[in-house]
Amino acid sequence: MYKIIKRAGDMFLSLIGLIVLSPLFLLLAVLIKLDSEGTVFFQQKRVGINKIHFHIYKFRTMYTETPANMPTHMLKNADVHITKMGKFLRRTSLDELPQLLNILRGDMAIIGPRPALWNQYDLIEERDKYNANDIRPGLTGWAQIHGRDELLIPLKAQLDGVYAKKIGLVIDLNIFIRTVVITISGKGFTS
């Protein structure tokens, strides 16, 4: 029953978020275009519920010649690939706002494991051990509030598995509140 309520809540909150934040979307789009050449939005193939692929939407934070199918933390000298505006967007997590479209469409939830890149086979395989690929990925999740990209893949998958096992209102509220606190404080986020 909770999964039905969660999905309805995700749809409602993402729709409200898109409406309320539309002026911010417009402002960020203009600033991204003024900062560097390329599109405003960035699409990337990710792994969704039951390992079905979908395209995630983000505000573009990197120069267009940057490899698209590699996690930022695996890029050699990642900072040279990130635009000035991109550094701000990543520090504030505003680059993630277009994922409200993914949530509205049903590709994602507000809370759940972050969707792996389609070619992060090691993470996908580890998540299989904990049934974390069997739930809808999220904008934020249990692993994100415990270290984000600094986590080693086995620990990240294990934390995603904890969420898959405990999924419910209490853990979702815990993750949501802690995400807000982390975002405002800037702790736990990388550039």
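Just so you know, these numbers come straight off a predicted model, no measurement behind them.
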(Q) The test is side chain to side chain contact (heavy atoms under 4.5 Å, CB included); show your working for His81 and Glu65 and say whether it passes. (A) CA-CA 8 Å; His81 297 285; Glu65 62 275 1; 5.9 Å; no
Q) For Arg46, which residues count as a salt bridge (charged side-chain N to carboxylate O under 4.0 Å, His left out) partner, sequence neighbours excluded? A) none
Q.
Whether Arg114 engages the ring of Trp142 as a cation-pi pair (distance to the six-membered ring centre under 6.0 angstrom, angle to the ring normal within 45°) should be assessed.
A. no
Q: Quick one: closest heavy-atom pair of Gly17 and Leu100, and the distance?
A: C-CD1, 4.0 Å
Q: Kindly work out whether a path of hydrophobic side-chain contacts (I/L/V/M/F/W/Y, heavy atoms less than 4.5 Å apart) joins Ile145 to Leu155.
A: yes
Q. Would a 4.5 Å heavy-atom cut-off, applied to side chains only, mark Tyr57 and Arg105 as touching?
A. yes
Q) Parallel, tilted or perpendicular for Phe41 and Phe25, by the 30°/60° rule? A) tilted
Q) In terms of side-chain heavy atoms, does Asp35 have a donor or acceptor partner in Thr83 at a distance below 3.5 Å? A) yes
Q: For a side-chain contact (heavy atoms from CB on, under 4.5 Å) with Phe59, tell me which candidate from Thr39, Val40, Leu31 qualifies.
A: Val40
Q: Say whether Tyr163 and Val47 are linked into one hydrophobic cluster, either directly or through other cluster members, by side-chain heavy-atom distances under 4.5 angstrom.
A: no
**Q.** Single-linkage hydrophobic cluster, 4.5 Å side-chain cutoff, Ile103 and Ile49 together
**A.** no
Q) Do Arg60 and Ser36 come close enough that some side-chain heavy atom pair is under 4.5 Å? A) yes
(Q) Run the side chain to side chain contact (heavy atoms under 4.5 Å, CB included) test on Tyr130 and Val162 for me, step by step, so that the C-alpha distance in whole Å, both residues' side-chain angles and the decisive distance to 0.1 Å come before the verdict. (A) CA-CA 8 Å; Tyr130 304 101; Val162 167; over 6 Å; no
Q. Considering the options Leu169, Ile167, Ile110, which one meets the side-chain contact (heavy atoms from CB on, under 4.5 Å) requirement together with Lys6?
A. Ile167
